[in-house]
Protein chains: 2
Amino acid sequence: MIFEIDFNSDEAFYMQLKNQIILAIATRSYLEGEVLPSVRKLSEDIGINMHTVNKAYTVLKDEGFVRVDRRGAVVAVDINKAEDKKLIIDELKIIIARATLKGIKREEMHALIDAIYDEY
Amino acid sequence: MIFEIDFNSDEAFYMQLKNQIILAIATRSYLEGEVLPSVRKLSEDIGINMHTVNKAYTVLKDEGFVRVDRRGAVVAVDINKAEDKKLIIDELKIIIARATLKGIKREEMHALIDAIYDEY
DNA sequence: AAAAGTGTTATATAAAATATATAACACCCT
DNA sequence: AGGGTGTTATATATTTTATATAACACTTTT
């Protein structure tokens with residue numbers, strides 16, 4: 001899996017990377033137990049600093065998507081994280097609010113959900 | 001409608017306010033054409049700086065949720081904003097990726113969508 | 001055993017984003 | 001005339017983001 005940073009985006013680099021890794025795990029480009037690239041190699045490959053990659057990995061660890069040991073960052077999704085679901089639902093509410101106001105109807109949203117789930 | 005800032009949150013104040021206003025518009029606590037509180041009054045009410053409220057209003061204007069004139073910020077949703085839908089869908093993909101990995105099944109997501117749409 | 005590769009920590013620096021504070025301006029409405 | 005709009009300008013402080021070097025303890029490979 002190749003990750004890519006949009007240097008013109010207003011989204012923080014570590015955040016772009018973090019989201020791309022979550023997408024990669026969800027779409028099974030990375031499987032449970034698989035080791036992500038080392039911070040040094042990945043930072044060279046995508047052209048950002050080692051510490052920025054490390055920050056993405058650290059956040060992924062804190063949010064329960066990877067486990068980090070001496071071998072590197074290992075995909076290890078931890079379903080049981082108390083506040084996670086509530087947080088996701090709150091964010092979902094805001095996105096749907098934006099979607100409705102932008103004219104995305106309920107049926108369209110359901111279709112969208114199905115399309116995305118089919119990818120995963 | 002009373003807005004509230006969580007001063008302990010790591011989310012920017014203007015962002016919290018922006019999202020709450022979008023939710024208020026979606027749930028029809030504010031109707032098309034209605035005038036939002038003035039930047040000065042709202043800033044006093046919720047305890048943040050005038051310019052921070054102004055930034056929220058400016059972003060809301062740029063994203064097509066309000067129109068700003070001499071009377072103040074007026075709710076005016078502009079459906080036709082080219083890249084908006086794509087942006088929303090991209091964000092939705094990430095949230096659903098997180099949701100699936102946290103064990104939220106497709107059916108649960110559909111139920112969630114319906115629940116939120118019913119509020120709107 | 002030596003070398004190379006892990007994440008991690010520390011220190012430093014620079015730029016950008018966030019938030020506040022004062023002040024003033026043009027405009028509108030009573 | 002006075003008080004209410006958003007807006008603009010300037011200034012300052014803090015936090016976040018990103019980079020750069022360097023070193024450390026540990027593991028894996030050679």
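Chain letters run A, B, ... following the sequence lines, proteins first and then strands; every chain starts at 1.
Ring-plane geometry between B:F3 and B:Y30 is classed as parallel, the angle between the planes falling under 30 degrees on a 0 to 90 degree scale with a further cut at 60.
Contact check on A:E91 versus B:R98 returns a salt bridge, with a Lys/Arg side-chain nitrogen under 4.0 Å from an Asp/Glu carboxylate oxygen.
At the phosphate of D:dG4, neither OP1 nor OP2 sits under 4.0 Å from any side-chain N or O atom of B:S38. Residue B:N54 has no polar side-chain atom (N or O) positioned under 4.0 Å from OP1 or OP2 of D:dG6.
To the nearest 0.5 angstrom, B:M109 atom CE is 11.5 Å from A:H110 atom NE2. To the nearest 0.5 Å, atoms CD1 (B:I96) and CD1 (A:I22) are separated by 13.5 Å.
Taking all atoms of both residues into account, the shortest heavy-atom contact from B:Q16 to B:D6 is OE1-N, 2.8 Å. Taking each heavy atom of B:I48 and B:I5 in turn, the nearest pair found is CG2-CG1, 4.0 Å.
One can place CG of B:L17 at 12 Å from P of C:dT20, the figure rounded to the nearest angstrom. Atom NZ of B:K18 is separated from atom P of C:dT18 by 11 Å (rounded to the nearest Å). Rounded to whole Å, atom C1' of C:dT6 lies 13 Å from atom CG of A:L36. For B:D10 and C:dT18, the CG to C1' distance is 13 Å, given to the nearest whole Å. Between B:K61 atom NZ and D:dT7 atom C1' there is a gap of 9 Å when expressed in whole angstrom units.
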Under a 4.0 Å heavy-atom criterion, the protein footprint on nucleotides 17-30 of chain D, written with B, S and -, is SSBBBBB-B-S---
